[in-house]
Amino acid sequence: MTDEIISQIKRNLSGNPDLDRDYLVSQLEHYKNHESSYKIIKEISKLIWQSLDFDHDEMNIHSKKTNISRVLDELIPYIENRDKKTALNKLDKFMENFKDEYENKENHKESDFKSNRPITEIQYMRYEENKLSRSPKSYRTSSIKDKKVNWRKEVKINKLNKDNEKHIVEKEFHSFLNPLEEILFYQYIGLEKELAYIPLNEPLFDLYYLYGSLLLENDNFTKAEEYLLKALRINPVSSKTILSLVDIYKSKTRTYNRFFLYNVDALKFAYKNEDIARAYRNFGFFYVEEGQLDIAAVFYDYSLNFDFNKQAFRELEYLKSRGINTKIDEKEAEKIIESKNIQLGVNPFILDTLKIIAFDLESRKYYSGALYFYRILYDLTKDNLVLGKINSIQNKI
């Protein structure tokens with residue numbers, strides 16, 4: 001069945017690299033939840049790379065398999081089969097001798113720095129296999145027309161930098177899932193040193209996040225915090241990483257100060273409904289612990305606007321059993337949330353940025369990238385105008 005699907009995808013290729021890439025990216029989305037998604041997506045990713053008509057000698061530095069990418073390839077089947085114990089054991093052994101050449105030595109501190117780079121210079125349309133998140137990474141190429149030049153220039157610069165490492169100013173190494181995250185980083189955090197991107201074939205963020213998450217599930221909180229913080233230093237706006245740290249600080253600190261502040265950051269950077277809802281449930285937990293059960297009910301109820309989570313319903317039932325009114329007027333709930341100086345709904349900056357990125361990609365006729373961001377925007381807003389954009393673009397692919 002899987003081989004038949006892959007054969008069908010190959011038969012539908014037109015031979016036009018640009019059209020084929022749009023088609024292949026749509027197939028990534030289509031098969032991401034298939035029972036054989038690992039094998040299908042791996043084959044589609046290979047086809048995407050083949051459609052990129054770059055100079056293969058210069059691209060070799062990016063496509064070469066590394067120890068990190070190999071171990072993640074090995075772990076994915078165990079994760080998909082819910083055999084997390086084996087995955088953790090294999091990662092334990094791997095990490096014993098692992099040396100990080102791109103480690104940011106110090107915790108990144110928030111600064112007042114704001115990048116002057118316009119959004120149009122946050123480059124898009126770069127792909128790699130991303131088996132953990134099941135979505136293509138698409139950034140750091142300014143346009144389809146210029147993609148060869150940009151990639152070649154980048155490879156040469158990376159090689160030059162490595163050859164002259166001693167003469168370069170201090171760097172901080174980062175990687176982002178998409179340009180939205182990169183823009184969030186510039187807007188809210190900024191650089192303390194010179195920015196350097198971690199090479200595509202060194203998925204360090206995925207390694208640290210996966211290891212930290214497995215350690216957390218195994219109740220190894222100290223070591224889990226260590227590796228989740230490593231992941232966060234690579235991508236300081238990763239809401240899923242911050243929320244994992246929040247889970248540690250929820251029960252393993254003397255006070256809830258760190259838990260609360262990290263949760264505020266998670267909500268600020270979140271652009272997925274499940275992450276937003278999770279942050280609001282965390283605020284509900286906080287106010288239960290503070291003994292403000294009526295306020296807790298507001299946050300648990302408000303979280304249902306983003307995700308119908310069983311935990312939220314259970315907590316609301318508990319609060320109801322304590323005599324708390326859990327049927328809360330929406331306007332009143334919003335006033336209460338704002339009175340606590342907590343962000344109401346999705347960060348407006350995220351919505352504005354998504355509109356700019358999606359429109360920019362659409363105007364460049366890079367329709368698969370535009371679809372990716374319009375879909376995120378629609379999930380957050382349920383705006384029929386955005387849905388119309390999605391349907392219109394789908395008809396062009």
Side-chain angles (χ1 to χ4, degrees), residues 1-10 24-49 63 65-96 98 127-138 175-178 181 200-220 223-224 227-228 230-231 234-235 238-241 243-245 247 271-275 277-278 307-311 372 375-376 379:
M1 179 66 177
T2 303
D3 291 338
E4 184 180 336
I5 291 172
I6 294 169
S7 296
Q8 181 64 42
I9 291 171
K10 289 180 178 178
L24 290 168
V25 171
S26 72
Q27 296 305 291
L28 281 174
E29 180 71 20
H30 181 72
Y31 287 106
K32 67 179 181 180
N33 295 319
H34 192 276
E35 59 183 6
S36 300
S37 60
Y38 173 74
K39 184 175 180 181
I40 295 171
I41 288 176
K42 186 173 183 178
E43 290 301 316
I44 292 174
S45 297
K46 287 180 181 178
L47 292 170
I48 290 175
W49 276 109
S63 59
K65 280 283 185 181
T66 63
N67 289 335
I68 298 175
S69 53
R70 277 192 289 268
V71 76
L72 289 177
D73 280 350
E74 183 183 352
L75 291 174
I76 293 303
Y78 293 107
I79 300 296
E80 291 182 337
N81 291 325
R82 301 184 184 278
D83 186 1
K84 295 183 178 181
K85 184 177 180 181
T86 301
L88 179 57
N89 289 337
K90 287 183 175 294
L91 264 182
D92 280 335
K93 291 178 181 177
F94 177 80
M95 298 303 290
E96 284 177 3
F98 176 68
Y127 292 102
E128 69 169 311
E129 294 181 32
N130 183 15
K131 302 179 185 67
L132 292 180
S133 65
R134 293 287 186 257
S135 63
K137 291 184 179 181
S138 51
S175 68
F176 306 98
L177 177 62
N178 55 47
E181 291 185 350
L200 291 176
N201 60 349
E202 296 277 10
L204 275 168
F205 173 83
D206 291 340
L207 176 71
Y208 289 146
Y209 175 76
L210 177 58
Y211 193 36
S213 299
L214 290 171
L215 289 164
L216 178 57
E217 290 188 23
N218 203 46
D219 294 337
N220 190 340
K223 201 169 181 180
Y227 282 93
L228 288 169
K230 285 178 182 286
I234 291 172
N235 184 352
S238 169
S239 57
K240 68 177 183 179
T241 306
L243 287 167
S244 293
L245 286 163
D247 285 344
Y271 58 90
K272 293 182 179 179
N273 284 317
E274 57 265 33
D275 289 346
R278 186 174 165 189
D307 183 22
F308 267 53
N309 185 276
K310 291 180 181 178
Q311 181 187 345
Y372 174 76
R375 283 170 176 157
I376 295 174
D379 285 343

Novice: If you round to the nearest 0.5 Å, how far is CG of Leu215 from CG of Leu210?
Specialist: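 Going from the CG atom of Leu210 to the CG atom of Leu215 covers 9.5 Å.
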Novice: If you look at every heavy atom in Asp275 and Ser239, which pair is closest and at what distance?
Specialist: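 Smallest interatomic distance, heavy atoms only, reads OD2-OG, 3.0 Å.
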Novice: Taking all non-hydrogen atoms of both residues into account, name the closest pair between Ser213 and Leu228 and its distance.
Specialist: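 In terms of heavy atoms, the two residues are closest at N-CD2, 4.2 Å.
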Novice: Do Asn178 and Tyr372 pair up side chain to side chain, a donor and an acceptor below 3.5 Å, judged on atom types alone?
Specialist: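 Short answer, yes.
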Novice: With a cut-off of 6.0 Å (strictly less than), are more than 12 heavy atoms of other residues, nucleotides or ligands near CD of Glu4?
Specialist: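 No - once you tally the heavy atoms of other residues, nucleotides and ligands closer than 6.0 Å, there are 12 at most.
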Novice: Do the side chains of Leu207 and Tyr211 get nearer than 4.5 Å, heavy atoms only?
Specialist: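 The answer is no; the side chains never approach within 4.5 Å.
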Novice: State the OH-CG distance between Tyr78 and Leu91, to the nearest 0.5 angstrom.
Specialist: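 Tyr78 atom OH to Leu91 atom CG measures 11.5 Å (nearest 0.5 Å).
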Novice: Test Arg278 against Asp247 for salt bridge (Lys or Arg N to Asp or Glu O under 4.0 Å), laying out the working first.
Specialist: CA-CA 10 Å; Arg278 186 174 165 189; Asp247 285 344; 2.7 Å; yes
Novice: Any chance you could measure Asn235, atom CG, to Leu177, atom CG, to the nearest 0.5 Å?
Specialist: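 If we round to the nearest 0.5 Å, Asn235:CG and Leu177:CG are 8.0 Å apart.
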Novice: If you measure from CG on Leu216 to CG on Leu245, what distance do you get to the nearest 0.5 Å?
Specialist: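 CG of Leu245 is found 8.5 Å from CG of Leu216.
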Novice: Relative to the ring of Tyr227, is the ring of Tyr208 parallel (under 30°), tilted (30 to 60°) or perpendicular (over 60°)?
Specialist: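 Because their plane-to-plane angle lies in the 30° to 60° range, the rings of Tyr208 and Tyr227 count as tilted.
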Novice: Does the pair Leu243 and Lys240 meet the rule for a side chain to side chain contact (heavy atoms under 4.5 Å, CB included), with working shown?
Specialist: CA-CA 5 Å; Leu243 287 167; Lys240 68 177 183 179; 5.7 Å; no
Novice: With Pro203, which of Leu72, Ile234, Val71 fulfils side chain to side chain contact (heavy atoms under 4.5 Å, CB included)?
Specialist: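 Between Pro203 and the candidates, side chain to side chain contact (heavy atoms under 4.5 Å, CB included) is satisfied uniquely by Leu72.
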Novice: Do Leu214 and Ile79 make a side-chain contact, defined as non-hydrogen atoms from C-beta onward lying under 4.5 Å apart?
Specialist: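 Heavy-atom side-chain distance check passes, below 4.5 Å.
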Novice: Measure from the side-chain N and O atoms of Thr66 to the backbone N and O of Asn201, and report whether any donor-acceptor pair falls under 3.5 Å.
Specialist: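 Present.
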Novice: Walk me through it: do Phe205 and Thr241 pass the test side chain to side chain contact (heavy atoms under 4.5 Å, CB included)?
Specialist: CA-CA 10 Å; Phe205 173 83; Thr241 306; 3.4 Å; yes
Novice: Side chain to side chain contact (heavy atoms under 4.5 Å, CB included), that's the test. Do Asn81 and Thr86 meet it? Break it down for me.
Specialist: CA-CA 10 Å; Asn81 291 325; Thr86 301; over 6 Å; no
Novice: Measure from the side-chain N and O atoms of Asn218 to the backbone N and O of Asn220, and report whether any donor-acceptor pair falls under 3.5 Å.
Specialist: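 No, because the side chain of Asn218 does not come within donor-acceptor range (under 3.5 Å) of the backbone of Asn220.
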Novice: About how many Å separate CG of Asn67 and CZ of Phe98, when rounded to the nearest 0.5 Å?
Specialist: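 Going from the CZ atom of Phe98 to the CG atom of Asn67 covers 8.5 Å.
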Novice: If the condition is salt bridge (charged side-chain N to carboxylate O under 4.0 Å, His left out), which residues does Glu274 pass it with, not counting sequence neighbours?
Specialist: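 Residues passing salt bridge (charged side-chain N to carboxylate O under 4.0 Å, His left out) with Glu274: none at all.
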Novice: With sequence neighbours excluded, what pairs up with Lys85 under the salt bridge (charged side-chain N to carboxylate O under 4.0 Å, His left out) test?
Specialist: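 In terms of salt bridge (charged side-chain N to carboxylate O under 4.0 Å, His left out), with neighbours along the sequence ignored, Lys85 is linked to no residue.
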